[in-house]
Amino acid sequence: MPITTVKVLTDVLKATREEAGRLRADFAAAGTFVIDLIGGPGCGKTALLEASLPALARRFRTAVLVGDVATARDAERLAGRGAEAIQLCTEGACHLSPSLVRVGLAELTGGDRARYPRLLLVENVGNLVCPASFDLGEDAKVAMSALTEGPDKPEKYPALFHKAAAVVLNKMDLAGAVEFDRDFYWSQVGRINPRAARFELSARTAAGLDAWISWVAAGVEKKRQKP
Ligand SMILES: Nc1nc2c(ncn2[C@@H]2O[C@H](COP(=O)(O)OP(=O)(O)O)[C@@H](O)[C@H]2O)c(=O)[nH]1
Ligand SMILES: [Mg+2]
């Protein structure tokens, strides 16, 4: 019966919200700053982490949870950059859930709060829709686009851009080859979420990377100072 279906769905989402709340409390107690990096497949999420990890992991104990439907390729790419990287395979699901993040966290820390990293970077499954709806207990969702996707995505996927604390526009090195209306892109972001921090960068050439790394580092420092 339809009424039964609605009731079950409500209970499932409630359990998910509660798990996200427990994660948030654990991250707060440990002083772990958590980023949920969300963007379409191929926008360069793993490339951004590859480029950022050496500088961040030098400053802070850093770990990465990488979500994909299948394969451990992204975690393999991220290995050897100073941060432990754990692959989370959703086996069909189009987003990471708080319970899967809990599994990754247990693998990283054995449940011991003293072993929590100062910085936890979560690469969500490549998707501009579903990951926006799931709280993972993070401090900041980051919305990522690439020039190759076209400039019209913010207003097509407003929920993600609305929730994002920062918006990253990647593959700026391809600006000469790809017609991309940057003013149009950023004007949409401004309408949806004028307070979001904005970054234009190239994970390939590292142009613009310093500002992004400084923003992440500032988040870690701020979280550490909280009582
Ligand atoms: N030219 C260029 N290519 C990039 C850049 N960032 C990522 N790529 C390439 O885009 C493809 C997808 O990158 P990947 O990091 O796997 O994207 P993900 O699916 O979002 O994790 C790879 O071939 C990368 O080498 C960039 O800034 N410039
Ligand atoms: Mg990836």
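Start at 1 and go down the list; that is how both ligands and their atoms are numbered. Positions are given from 1, in the same order as the sequence printed here. Keep in mind that the numbers below use all heavy atoms, side chains included, and drop hydrogens, waters and symmetry copies.
Near Thr46, meaning under 4.0 Å from any of its heavy atoms, are these atoms of ligand 1: 15 (O), 21 (O). Close contacts of ligand 1 with Lys45, meaning ligand atoms under 4.0 Å from a residue heavy atom, involve 15 (O), 17 (O), 18 (P), 19 (O), 20 (O), 21 (O). Applying the 4.0 Å criterion to heavy atoms of Ser202 picks out, from ligand 1, the atoms 27 (O). When each atom of ligand 1 is checked for a heavy atom of Leu174 under 4.0 Å away, the hits are 1 (N). Residue Gly40 has at least one heavy-atom neighbour below 4.0 Å for each of these atoms of ligand 1: 20 (O). Set against the non-hydrogen atoms of Ala47, the atoms of ligand 1 under 4.0 Å away are 6 (N), 7 (C), 15 (O).
Closest protein heavy atom to atom 6 (N) of ligand 1: Asn170 ND2, 3.1 Å. Counting only heavy atoms of the protein, atom 25 (O) of ligand 1 lies nearest to Arg204 NH2, 2.8 Å. Among all non-hydrogen protein atoms, the one lying nearest atom 1 (N) of ligand 1 is Asp173 OD2, 2.8 Å. The nearest protein atom to atom 12 (C) of ligand 1, hydrogens excluded, is given as Gly42 O, 3.5 Å; this is a heavy-atom distance. Scanning the protein heavy atoms around atom 10 (O) of ligand 1, the nearest turns out to be Lys171 NZ, 3.0 Å. Among protein heavy atoms, the minimum distance from atom 13 (O) of ligand 1 is reached at Gly44 CA, 3.7 Å.
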Exercise for the section: Could you walk me through whether Asn170 and Cys43 pass side-chain contact (heavy atoms from CB on, under 4.5 Å), step by step? Expected result: CA-CA 7 Å; Asn170 186 36; Cys43 72; 5.9 Å; no
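The shortest heavy-atom contact between Ala83 and Leu53 is CB-CD2, 3.9 Å. Residues Ala164 and Asn193 approach most closely at O-ND2, 2.7 Å, considering heavy atoms. Contact record, Gly219 with Phe33: O-CD1, 3.5 Å, taken as the closest heavy-atom pair. Shown here for Pro151 and Gln188, the closest heavy-atom pair between the two residues is O-NE2, 2.8 Å. Closest of all the heavy-atom pairs between Val69 and Gly92 is CG1-N, 3.4 Å. Listed here is the closest heavy atom pair of Ile86 and Ala75: C-CB, 4.3 Å.
In this structure, Lys45 does not pair ionically with Asp74, as no charged nitrogen and carboxylate oxygen lie closer than 4.0 Å. Ion pairing between a basic and an acidic side chain is recognised when a charged N comes within 4.0 Å of a carboxylate O; Glu84 and Arg61 show no such pairing. A salt bridge links Asp36 with Lys141: the distance from a Lys NZ or Arg NE/NH1/NH2 to an Asp or Glu carboxylate oxygen falls below 4.0 Å. Using a 4.0 Å cut-off between charged nitrogen and carboxylate oxygen, Glu200 and Arg182 count as a salt-bridge pair. For Lys223 and Asp139, the salt-bridge test passes: some basic side-chain N is under 4.0 Å from an acidic carboxylate O. Between Arg73 and Glu76, none of the side-chain N atoms (NZ, or NE/NH1/NH2) sits under 4.0 Å from a carboxylate O, so this pair counts as no salt bridge.
Every heavy atom of Gly126 sits 4.0 Å or more from the atoms of ligand 1. Taking a 4.0 Å cut-off on heavy atoms, Arg77 registers as neighbouring ligand 1. Using a 4.0 Å heavy-atom cutoff, Ala146 is absent from the residues neighbouring ligand 1.
In His162, the NE2 atom is not crowded: 12 or fewer heavy atoms of neighbouring residues, nucleotides or ligands sit closer than 6.0 Å.
Distance remark: protein heavy atom not present below 4.0 angstrom from atom 22 (C) of ligand 1.
No chain of hydrophobic side-chain contacts below 4.5 Å, direct or via other Ile, Leu, Val, Met, Phe, Trp or Tyr residues, connects Met144 to Tyr185.
The count of protein N, O or S atoms under 2.8 Å from the Mg ion (ligand 2) stands at 3, with waters excluded from the count.
Nearest-heavy-atom check against atom 27 (O) of ligand 1 across Ala203, Gly39, Ala207 picks out Ala203.
Proximity of Glu123 to ligand 1, defined as any heavy-atom pair under 4.0 Å, is confined to the side chain (atoms from C-beta onward).
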